[in-house]
Amino acid sequence: IRFNASTPSGNQRFAFVTDGTPAGTGPLVFPILGSQQVFEAVALNDRALLRTSGATTGAQELWLTDGTDGGTEQIYVGASMIGDLVIAGERIVFDEGDQLRSVSLDGAADSLLPIEFGSAFNKLAQAKAIGPLAAFRIQDSTTAPNQLLLTDGTPEGLASFEPTVGFGAL
């Protein structure tokens, strides 16, 4: 079983794996990743998408793995911290800073999605997969209602909605 949890000190979240026993529970580790820590593991059919600490740059990285060193490949090196990962069809959509980025599962296609924030108080607050789409809630800390973004992972497939009433969660 794979899961994300905080360390005992509570100051960092990592991906863990367990066989159900205390002795068989610990951080998810792949030798090919060296000293990188796995912050998040997302199941993807017979593979897993890993968000890790960067090996040399300090920026976070995305890896796709079948659970073996030979079947583990780096597909993206971030410029900064990477937020929640959402699978939209054959693409991974995530926030990086105040931008939405989309990367193909093979790492070949990488694009920024055009989003506009209404004020400096807006931020990406929540992400969720909804069928083949990725949904993001934009939280506005002023009095404006939250905004909903839906995307298929392409710039052309991005739609923005501003509900007439506020909503709290996806």
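The side-chain contact (heavy atoms from CB on, under 4.5 Å) test applied to S104 returns R91, D106, A108, A109, not counting sequence neighbours. Residues meeting the salt bridge (Lys or Arg N to Asp or Glu O under 4.0 Å) test with D66, sequence neighbours left out: none. With sequence neighbours left out, the side chain to side chain donor-acceptor pair (under 3.5 Å) criterion links E73 to no other residue. Under the side-chain contact (heavy atoms from CB on, under 4.5 Å) criterion, E90 pairs with L105, not counting sequence neighbours. Taking the side-chain contact (heavy atoms from CB on, under 4.5 Å) definition, one finds that L85 meets it with E40, V42, L49, R51, L62, I82, I92, F94, sequence neighbours left out. Not counting sequence neighbours, S111 has no partner by the side chain to side chain donor-acceptor pair (under 3.5 Å) test.
Nearest heavy atoms, A135 versus I130: CB-CD1, 3.6 Å. Considering all non-hydrogen atoms of both residues, T25 and T21 come closest at OG1-O, 2.7 Å.
Annotation: side chain of D110 is in contact with side chain of R101 (closest heavy-atom distance under 4.5 Å).
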### From CA spacing to verdict: side-chain contact (heavy atoms from CB on, under 4.5 Å), L112, L100
CA-CA 6 Å; L112 284 174; L100 271 183; over 6 Å; no
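Side-chain N or O atoms of S102 include one that pairs as donor or acceptor with a backbone N or O of G153 at under 3.5 Å.
Atom-to-atom distance recorded for Q74:CD and L50:CG is 11.5 Å, nearest 0.5 angstrom. For the atom pair F136 CZ and L148 CG, the distance stands at 10.5 Å (nearest 0.5 Å). In this structure, CG in L158 is found 10.5 Å from CG in L133, a value given to the nearest 0.5 Å.
If you run side-chain contact (heavy atoms from CB on, under 4.5 Å) between S160 and each of L149, L150, T151, only L149 comes through.
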